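Encoded as structure tokens, the structure appears first; notes follow it.
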Number of protein chains: 2
Amino acid sequence: MSDGREQSGAGELEAVLKEAGLRITRQRRTILAILAAGGDHPDALALYRRAAREDPSISLSTVYRTMKVLEEKGAIQRHTFEGGPARFEHADGQHHDHLIDLDTGEVVEFRSDRIEKLQEEIARELGYEIVSHRLELYGRRRRD
Amino acid sequence: MSDGREQSGAGELEAVLKEAGLRITRQRRTILAILAAGGDHPDALALYRRAAREDPSISLSTVYRTMKVLEEKGAIQRHTFEGGPARFEHADGQHHDHLIDLDTGEVVEFRSDRIEKLQEEIARELGYEIVSHRLELYGRRRRD
DNA sequence: ATAATAATGCAAATCATTTGCAAGAAGCCA
DNA sequence: TGGCTTCTTGCAAATGATTTGCATTATTAT
């Protein structure tokens with residue numbers, strides 16, 4: 001194993017594909033590397049542009065298709081923040097919610113067990129069981 | 001005033017338009033009435049179909065346009081739940097979050113001051129101030 | 001009424017994303 | 001390694017939701 005700081009390399013994503021009986025193509029390798037490298041939340045176009053720098057032959061369709069498979073395999077997560085295209089994130093760590101910086105588009109991850117608990121309670125009271133949920137905070141940096 | 005149960009009639013929405021210097025057209029009147037009547041969360045097409053029953057001349061564009069103005073004036077709210085078209089809601093009462101029934105698409109409203117508070121705290125800790133937020137629970141009825 | 005101007009219907013345009021299809025690679029086995 | 005089968009890809013065209021241009025119609029203040 002590496003230095004222990006590696007939360008998940010592109011190799012992990014490749015393993016996901018391999019296990020699913022899918023092929024590891026040059027373009028997939030490129031895309032996965034980018035996804036694993038940047039700790040941000042790029043949309044398909046951004047991903048495409050970065051990938052195209054490495055391999056100009058990659059097409060936007062392939063980016064979309066790759067995101068779709070990986071999402072189905074649970075290897076990545078797709079987020080659709082307000083008024084924008086879907087953005088992807090390498091699903092390595094545990095669940096977390098997002099705070100979107102309205103000025104920069106930057107995404108800050110956070111997590112609150114208390115909120116998670118409260119959500120469960122609420123759903124139960126309403127007679128439901130939660131399958132998934134999404135909590136997004138949209139805000140701007142407090143300048144003080 | 002009426003029987004006190006009227007949380008907000010179409011009249012209120014018309015007032016919003018009037019105050020904004022906008023015209024009260026036949027189609028707007030129809031759409032507003034529908035929006036004020038049903039306590040649900042219809043999407044543009046559903047709204048269009050209901051409206052067309054009252055007035056076949058109404059077009060889908062007008063529904064969209066009307067939703068846009070009303071949203072800008074703060075009279076209605078637009079929600080984009082996972083994997084579906086935008087759905088609209090007459091913004092009368094206070095803020096609330098949503099639980100979407102994955103089987104029926106039905107929307108249940110709820111509100112939790114504790115969660116709201118926690119959100120504020122989290123944003124503050126991260127150095128942000130919340131402009132808006134969205135909390136959606138997706139689940140299915142607990143059968144027991 | 002009437003003019004001034006906003007709103008409508010329709011069709012065409014946009015945006016993000018998906019899909020059909022023929023051509024090009026991967027993976028596997030001999 | 002060569003060949004074969006099947007999965008992927010790139011491209012263009014199709015989709016779905018929503019918006020917009022434009023000529024026509026309808027509102028509203030006068």
Side-chain angles (χ1 to χ4, degrees), chain A residues 10 13-34 41-49 51-73 75-88 105, chain B residues 13-35 41-49 51-73 75-88 105:
Chain A
L13 289 175
E14 285 188 22
V16 170
L17 292 178
K18 187 143 268 172
E19 278 160 41
L22 299 171
R23 295 176 180 175
I24 313 266
T25 63
R26 178 168 39 81
Q27 24 281 84
R28 279 183 180 164
R29 221 189 289 276
T30 304
I31 296 172
L32 301 194
I34 292 174
H41 302 65
D43 59 30
L45 198 57
L47 222 35
Y48 165 67
R49 281 202 255 262
R53 235 180 285 143
E54 304 274 312
D55 173 355
S57 86
I58 286 180
S59 78
L60 185 52
S61 307
T62 293
V63 170
Y64 275 113
R65 275 191 278 235
T66 302
M67 291 305 99
K68 173 164 283 200
V69 222
L70 289 178
E71 189 189 7
E72 284 165 359
K73 299 308 169 204
I76 66 163
Q77 272 186 262
R78 171 193 303 258
H79 301 295
T80 311
F81 301 131
E82 306 240 272
R87 296 171 66 171
F88 309 92
Chain B
L13 289 176
E14 288 189 18
V16 170
L17 293 179
K18 187 144 269 171
E19 278 161 39
L22 299 171
R23 294 178 181 174
I24 314 268
T25 64
R26 177 169 39 81
Q27 23 282 84
R28 279 183 180 166
R29 222 188 288 276
T30 304
I31 296 173
L32 301 194
I34 292 174
L35 213 44
H41 303 63
D43 60 30
L45 198 57
L47 222 36
Y48 165 66
R49 282 201 254 263
R53 236 181 284 143
E54 303 275 312
D55 173 356
S57 86
I58 285 180
S59 78
L60 184 53
S61 307
T62 293
V63 171
Y64 276 113
R65 274 191 280 235
T66 302
M67 293 303 99
K68 174 164 281 201
V69 229
L70 290 178
E71 189 190 7
E72 284 167 357
K73 300 307 169 203
I76 67 163
Q77 274 185 260
R78 171 192 304 256
H79 300 296
T80 310
F81 301 132
E82 306 239 272
R87 298 172 65 171
F88 308 92

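All values below come from the heavy atoms of this structure, side chains included, with hydrogens, waters and symmetry mates left out. Below, read A as the first sequence line, B as the second, and so on, with proteins coming before strands; counting in each chain starts at 1. Not measured: the values here are computed from a predicted model.
For B/Lys68 and B/Arg23, each mapped to the nucleotide of DNA chain D holding its nearest heavy atom, the one lying further toward the 5' end belongs to B/Lys68. A residue-by-residue look at B/Ala44 and B/Lys18 shows that B/Ala44 has its nearest nucleotide of DNA chain D further toward the 5' end.
Regarding A/Arg28, its CZ atom lies at a distance of 10 Å from the P atom of C/dG27, rounded to whole Å. Here D/dA17 presents its P atom at 13 Å from CZ of B/Arg87, a figure rounded to the nearest Å. D/dT19 atom P lies 9 Å from atom CD of B/Glu71, rounded to whole Å. Following rounding to the nearest Å, A/Met67 (CE) and D/dT8 (C1') show an atom-to-atom distance of 15 Å. Rounded to whole angstrom, the span from the CZ atom of B/Arg49 across to the P atom of D/dA17 amounts to 10 Å. The interatomic distance linking A/Ile58 (CD1) with C/dA25 (P) rounds to 14 Å, in whole Å. Straight-line distance from the CG atom of B/Leu45 to the C1' atom of D/dG16: 11 Å, rounded to whole Å. Distance CG (A/Leu60) to P (D/dT9): 13 Å, rounded to an integer number of Å.
Within the 4.0 Å cut-off from OP1 or OP2 of C/dA25, not a single side-chain nitrogen or oxygen of A/Gln27 is found. A close approach under 4.0 Å does not occur between any side-chain nitrogen or oxygen of B/Thr62 and OP1 or OP2 of C/dA7. At least one side-chain nitrogen or oxygen of B/Tyr64 sits closer than 4.0 Å to the OP1 or OP2 atom of D/dT18.
Here the OG1 atom belonging to A/Thr80 is positioned 10.5 Å from the CZ atom belonging to A/Arg87, to the nearest 0.5 angstrom. The distance from atom NZ of B/Lys68 to atom CZ of B/Arg78, rounded to the nearest 0.5 Å, is 7.0 Å. Note that the NZ atom of B/Lys73 and the CG atom of B/Leu17 stand 9.0 Å from one another [nearest 0.5 Å]. The line from OG1 of B/Thr30 to CD1 of B/Ile58 is 4.5 Å long, rounded to the nearest 0.5 Å.
For C/dG24, the base has no donor-acceptor partner in the side chain of A/Arg26 [N/O atoms by modelled type, under 3.5 angstrom]. Checked by distance alone, A/Arg65 brings no side-chain donor or acceptor within 3.5 Å of a matching partner on the base of C/dT18. Interface remark: the B/Ser61 side chain does form a donor-acceptor pair with the D/dT20 base, using a distance-only criterion of under 3.5 Å.
Contacts of B/Ile24 with the nucleic acid, taken as non-hydrogen atoms under 4.0 Å apart, involve only primed sugar atoms and P, OP1 or OP2. When heavy atoms are screened at a 4.0 angstrom cut-off, A/Leu22 is found touching the sugar-phosphate backbone but no base atom.
Remark: B/Thr62 pairs with B/Ser59 by the side chain to side chain donor-acceptor pair (under 3.5 Å) rule, at least two apart or across chains.
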